[in-house]
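Beneath this line is the structure, given in structure tokens, with notes to follow.
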Amino acid sequence: MAKSNSFKAGRHFLQIPGPTNLPDRVLRAMDRAIIDHRGPEFAEISKRVLDRIKQVFKTNNPVVMFPGSGTGAWEAAIVNTLNPGDKVLMFETGQFSSLWSEIAVKFKLDVDLVPGDWRSGVDPKIVVQKLSDDKEKKIKAVFVVHNETSTGVASRIGEIRKAIDSVNHPALFMVDTISSLASIDFRHDEWKVDVTVGGSQKGLLLPPGLSFNAVSPKALEAHKNATMPKHYWDWKPMLENNKNGFFPFTPATTLVYGLDEAINMLLEEGLENVFARHQRHAHATRLAVKAWGLEILCKNENEYSNSLTAVMLPEGHDADNFRKVVLDEYDMSLGMGLNKVKGKVFRIGHLGDFNDLMLMGTLSGVEMGLNKAKIPFKSGGVMAAIEYLSK
Ligand SMILES: *Cc1c(COP(=O)(O)O)cnc(C)c1O
């Protein structure tokens, strides 16, 4: 028999910044029989999904969809557009941009990785400087992670686009939106992004297992001459098959049903309302953190993430121990500090299928945990959020 204290009544609070809580509507949409993925019924669903997903990326260009994690879509962006030895510009904004640059190195790209402090986003001024120094236009691509999930810092993609244009540089623009898509405003076409990388399990309201590349005409042009070996991630057979609602290999049928419903939900709420909701919850969270007297890892107010907040603990207090207390006592999972900020920060995910009371439960759990773990802090964070949300 299980020990009585191992039983957890009520709902677990999954407040990591992805995978996120699944809406019941999406769960129900996936609860159906598998159908023939080469038959007419599936073709109709996937054509509808591939068409409507474009609205989420704010694009009229094709979006390809792979069964796979976001990491796969990172690799796809590289192997479909570049050649071994190509020079590329990348920025160390945190763990996820560092991992993307490691993939680039493995594929023999010549990576200029601009170091960072893991508290700031990509500085458009450095983009201007790097690209204007590149007189021979050797840099083939600029890579940016829109929302750095390890630090809670959002880079300003529109301003980085302007920086690239200001020096008339022809480099491809590659953006990872895995934790910003359907949470923070992103505009694939308007910002002339060439490859946008997406994943299913963060703001897109789905389980892990699907990843995306939104592809510009310029990226398709580069694809024609890209010599990197590729098979699974090759856009060409994918785009050809997708025209008729099919895939070159077995798609993740169940996740495609889920995506159909997730898109319904996002469009019913309206994307701009989705962004405003995330902004409001992020603001309430930051008010709480400031009232607790704790420091937000993100340094610059104009780079605050609306998907998550990374919170620093005072010197001498271990964030992983704090997270363990919160999990054991209140059955809530908070995000851990990764790599350079391990043990120093915890992350509050406030993205996806989320509302005011879920946020208040989350912030209450954090405040109760701070008390329980004997972290020095000022009470009143929860009250500050309540006042803001009920104004
Ligand atoms: C989660 C995440 C990834 C990694 O996605 P996986 O699905 O774990 O491969 C990459 N980039 C960002 C910004 C993320 O948030």
Side-chain angles (χ1 to χ4, degrees), residues 14-22 56-57 64-79 90-104 106 113 116 118-122 142-157 160 173-186 188 193 195-214 232-233 252 255 258-259 262 278 282 297-298 303-310 333-341 345-352 354:
L14 180 68
Q15 297 314 138
I16 59 174
T20 60
N21 297 289
L22 284 187
V56 181
F57 286 86
V64 299
M65 174 167 81
F66 300 103
S69 84
T71 302
W74 270 343
E75 183 169 325
I78 290 171
V79 297
M90 300 180 102
F91 296 84
E92 186 210 355
T93 48
Q95 173 74 351
F96 290 100
S97 62
S98 301
L99 290 172
W100 205 3
S101 74
E102 283 173 25
I103 299 177
K106 284 179 188 156
L113 181 65
W118 287 52
R119 300 191 67 176
S120 323
V122 173
V142 177
F143 289 72
V144 176
V145 171
H146 183 195
N147 186 68
E148 198 19 284
T149 322
S150 60
T151 61
V153 176
S155 285
R156 291 157 293 156
I157 302 300
I160 297 166
F173 191 22
M174 322 289 234
V175 181
D176 170 347
T177 64
I178 294 176
S179 64
S180 52
L181 196 69
S183 307
I184 302 173
D185 190 17
F186 175 77
H188 177 90
V193 177
V195 185
T196 297
V197 172
S200 53
Q201 75 271 30
K202 315 250 165 117
L204 217 45
L205 313 175
L206 292 170
L210 284 182
S211 61
F212 305 87
N213 280 171
Y232 187 83
W233 305 114
L255 291 170
L259 179 55
H278 282 79
L297 182 63
C298 178
E303 293 179 329
Y304 279 152
S305 165
N306 290 337
S307 312
L308 76 138
T309 303
S333 297
L334 294 168
M336 68 188 299
L338 298 169
N339 197 332
K340 291 189 180 172
V341 291
V345 305
F346 67 91
R347 294 173 297 152
I348 304 170
H350 33 71
L351 74 165
F354 202 55

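We're numbering straight along the sequence, starting at 1. Whatever order the structure lists them in is the order used to number ligands and atoms, beginning at 1.
When non-hydrogen atoms are compared, ligand 1 lies under 4.0 Å from the backbone of N147 (N, CA, C, O) but not from its side chain. Only the side chain of K202 comes within 4.0 Å of ligand 1, counting heavy atoms alone; its backbone N, CA, C and O stay farther away.
Interface atoms of ligand 1 facing V145, defined by a heavy-atom separation under 4.0 Å, are 13 (C). For ligand 1 and S179, the ligand atoms under 4.0 Å from any heavy atom of the residue are 13 (C), 15 (O). With ligand atoms numbered from 1 in the order given, ligand 1 contributes 12 (C), 13 (C), 14 (C), 15 (O) to contacts under 4.0 Å with heavy atoms of T149. Listed by number with element, the atoms of ligand 1 under 4.0 Å from a non-hydrogen atom of W74 are 10 (C), 11 (N). Under a 4.0 Å criterion applied to the non-hydrogen atoms of G70, ligand 1 contributes the atoms 5 (O), 6 (P), 7 (O), 9 (O). For ligand 1, the atoms sitting less than 4.0 Å from at least one non-hydrogen atom of S69 are 6 (P), 7 (O), 9 (O), numbered in the order shown with element in parentheses.
Annotation: atom 4 (C) of ligand 1 to nearest protein heavy atom, F96 CE2, 3.9 Å. Nearest protein heavy-atom contact of atom 11 (N) of ligand 1 is D176 OD2, 2.7 Å.
Within the 4.5 Å cutoff, the side chain of L338 has heavy atoms near those of the M336 side chain. Contact of the I103 side chain with the T71 side chain is registered, since non-hydrogen atoms from C-beta on lie closer than 4.5 Å.
Looking at ligand 1, you won't find any N or O of I178 less than 3.5 Å from one of its N or O atoms. By the 3.5 Å distance cut-off applied to N or O atoms, T71 is counted among the residues near ligand 1.
For the side chain to side chain contact (heavy atoms under 4.5 Å, CB included) test with C298, the passing option among L308, T151, V153 is V153; the others fail.
In this structure, E92 CD and E148 CD are separated by 9.5 Å, a value rounded to the nearest 0.5 Å.
Residues passing the side chain to side chain donor-acceptor pair (under 3.5 Å) test with T309, sequence neighbours excluded: H350.
Smallest separation of non-hydrogen atoms from N147 and S305: OD1-OG, 2.7 Å. Residues F91 and V144 approach most closely at CD1-CG2, 4.4 Å, considering heavy atoms.
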Counting only pairs under 3.5 Å, give me each side-chain donor-acceptor contact of residues 196-205, with atom names and distances, residues two or more places apart or in other chains.
from	atom 1	to	atom 2	distance (Å)
T196	OG1	H188	ND1	2.6
S200	OG	P207	O	2.7
S200	OG	G209	N	3.3
S200	OG	L210	N	3.0
S200	OG	L210	O	3.2

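For W100, the closest heavy-atom approach to ligand 1 does not fall below 4.0 Å. Heavy atoms of Q201 approach ligand 1 to within less than 4.0 angstrom.
The aromatic rings of F143 and W100 stand perpendicular to each other, their planes meeting at an angle above 60°, with 30° marking the opposite boundary.
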